[in-house]
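Written out below as structure tokens is the structure these notes cover.
Side-chain atoms are counted along with the backbone in the values below, which use heavy atoms only and exclude waters and symmetry mates. Quick note: residue numbers are just sequence positions, from 1.
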Amino acid sequence: MTTAMGVPPAGRGPARRAVPEELSARVPAEQRGPGLDRDSVRLLVSRGTQVSHHAFVELPGRLRAGDLLVVNTSVTLAAAVDGSVGHARVVVHFSTRGDDGRWAVELRDPDGRGTTRARAGGPRGTEVRLPGDVRLVLEEPLAGRSARLWWGRVSEPDVLGFLRRHGRPIRYSYTDRDQPLSAYQTVFALPSADGAGSAEMPSAARPFTARMVAELVSRGVQFAPVTLHTGVASAEAHEPPYPERFVVPEASARLVNAAKAGDGRVIGVGTTAVRAVESAGGPDGVVRAAEGWTGLVVTPERGVRVVDGLLTGLHEPEASHLLMLEAIAGRAAVDRGYEEALRGRYLWHEFGDVHLILPPDENPHTEHCSSNYW
């Protein structure tokens, strides 16, 4: 069995069972109690099948001078807009802007709780009425995909401006309430010249604070900024990513190559950062400045050429992102890490805890699997 893009499903293993509903992170960490900040989340560290448990504020002690963190600078858009099809209310998730001015969009049904549920896409010619007398017309399904996402044309030429006026952040049913757009921006977010951004937050970087970045820099850890504007990854579909726009600047390419030439480890902060930098890496592992569209899906069969590790959130058992984790760490290490995450009751999703995957330690006795859970 393969997916529509020829990618094998992530499959199920001992740690691939369903995530209990109570392990969904329903609000940002800083809203869970007095005195908390974004970095008040937990950090699971995997080195091969060796696992240890930490607070995220301990991250600098898990890295070393010369390590390089590749971070995604894409801003998060207010990509959800209310609309109607005939007499039916819908919510439009604006996903990706095409080169021809059309947008890949997902139509969803309001669920009566402030969030949405999946809705069949199409058909061709469906007209969605949006605020300000704006019209969206669905033209064709995204090539090679299911009918969930469609290319549509918007009567308003400045769609990004329209989203700023009428949009709100995409929110899924596992969250408790609406959050301001600022809750979905990372410390690395930088406005792009054309105003483009991500439909959903590059959430692995969310726990970073300016204080944490300063501490890492003071310890000799470097940062390489890249950009990948991520599209809608529906909570129900678990599809492989479709082509997304990315940029790897020349300066960042040099930083990656220098780290690889020395003793530093190249660690992607989020699957989006890995997808961008791996798209710019040649078969020899050398990274060159690149920009455009990437359709790369990192799988165990393809492997990784650039990154040595990954800092990421915790993904659902059916998520295609797990294939990238397996490409970096191997199936046994991923299963072991997820067993510990479930046993330790880590929190899932964009406001949840994070998982640092590193190469096996040269001295396997330097890290032990702690039984001290929060």
Side-chain angles (χ1 to χ4, degrees), residues 5-8 10 46-48 63-74 96 186 188 190 192 196 198 202-205 216 221-231 233 240-313 315 319-331 333-334 355-360:
M5 292 185 69
V7 180
S46 293
R47 288 189 172 96
L63 302 177
R64 61 196 187 205
D67 284 345
L68 179 71
L69 297 180
V70 182
V71 297
N72 187 358
T73 64
S74 181
T96 303
T186 74
F188 304 111
L190 292 172
S192 59
S198 290
S203 56
L216 287 165
V221 176
Q222 294 184 295
F223 292 84
V226 300
T227 302
L228 186 138
H229 297 314
T230 184
Y242 49 87
E244 294 166 322
R245 197 184 300 273
F246 81 106
V247 178
V248 175
E250 176 64 39
S252 294
R254 288 199 299 268
L255 284 169
V256 171
N257 294 331
K260 292 181 70 63
D263 294 327
R265 297 168 296 186
V266 177
I267 300 165
V269 178
T271 59
T272 62
V274 172
R275 193 182 195 203
V277 75
E278 288 286 334
S279 296
D284 56 359
V286 175
V287 175
R288 297 168 178 84
E291 62 180 296
W293 293 87
T294 177
L296 175 65
V297 180
V298 178
T299 65
E301 291 73 26
R302 188 265 187 190
V304 288
R305 300 168 178 172
V306 178
V307 301
D308 303 299
L310 170 65
L311 179 72
T312 184
H315 304 287
S320 62
H321 293 306
L322 289 177
L323 293 171
M324 179 184 290
L325 274 62
E326 291 177 17
I328 295 170
R331 178 69 181 252
V334 174
H355 185 192
L356 176 62
I357 297 173
L358 294 172

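Nearest heavy atom pair, residue Ala253 against residue Ala289, reads CB-N, 3.9 Å. Taking each heavy atom of Pro249 and Pro225 in turn, the nearest pair found is CD-O, 3.4 Å. Considering all non-hydrogen atoms of both residues, Ala205 and Phe188 come closest at CB-CD1, 3.7 Å. Here the closest non-hydrogen pair linking Gly48 and Ala333 is O-CB, 3.2 Å. Of all the heavy atoms in Ala259 and Gly66, the pair that sits closest is CB-O, 4.3 Å. Contact record, Gly231 with Thr96: CA-OG1, 3.8 Å, taken as the closest heavy-atom pair.
Here CZ of Phe223 is found 13.5 Å from OG1 of Thr73. Values are rounded to the nearest 0.5 Å. Atom CE of residue Met324 and atom OG1 of residue Thr299 lie 10.0 Å apart, to the nearest 0.5 angstrom. Here the CG atom belonging to Leu358 is positioned 5.0 Å from the CZ atom belonging to Arg47, to the nearest 0.5 angstrom. His321 contributes atom NE2, which lies 7.5 Å from atom OG1 of Thr312 (distance to the nearest 0.5 angstrom). How far CD1 of Ile267 is from CG of Leu69: 5.5 Å, rounded to the nearest 0.5 Å. With rounding to the nearest 0.5 angstrom, the CD1 atom of Ile328 is 11.5 Å from the CG atom of Leu323.
Between the side chain of Asp67 and the main chain of Arg265, a donor-acceptor pair closer than 3.5 Å is present. With Asp308 contributing its side chain and Val266 its backbone, the two residues share a donor-acceptor pair below 3.5 Å. Under the 3.5 Å distance criterion, the side-chain polar atoms of Glu278 are matched with a main-chain donor or acceptor of Arg305.
Residues Val226 and Val247 are not in side-chain contact: their nearest non-hydrogen atoms beyond the backbone lie 4.5 Å or more apart. Val277 places a side-chain heavy atom less than 4.5 Å from the side chain of Val256. Looking at Val269 and Val70, their side chains never come closer than 4.5 Å, going by heavy atoms from C-beta outward. Within the 4.5 Å cutoff, the side chain of Leu228 has heavy atoms near those of the Thr294 side chain.
A donor atom on one side chain and an acceptor atom on the other are not found under 3.5 Å apart for Ser74 and Thr227. Under the 3.5 Å distance criterion, with hydrogens and angles disregarded, a donor-acceptor pair is assigned to the side chains of Ser46 and His355.
Within the structure, the side chain to side chain donor-acceptor pair (under 3.5 Å) test picks out the following pairs touching residues 244-263 (sequence neighbours left out): Asp99-Arg245, Thr230-Glu244, Glu244-Arg275.
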Evaluate the criterion side-chain contact (heavy atoms from CB on, under 4.5 Å) for residue pair Thr272 and Phe246; output intermediate values, then yes/no.
CA-CA 9 Å; Thr272 62; Phe246 81 106; over 6 Å; no
Test side-chain contact (heavy atoms from CB on, under 4.5 Å) on Leu255 and Gln222 and set out the steps.
CA-CA 8 Å; Leu255 284 169; Gln222 294 184 295; 3.9 Å; yes
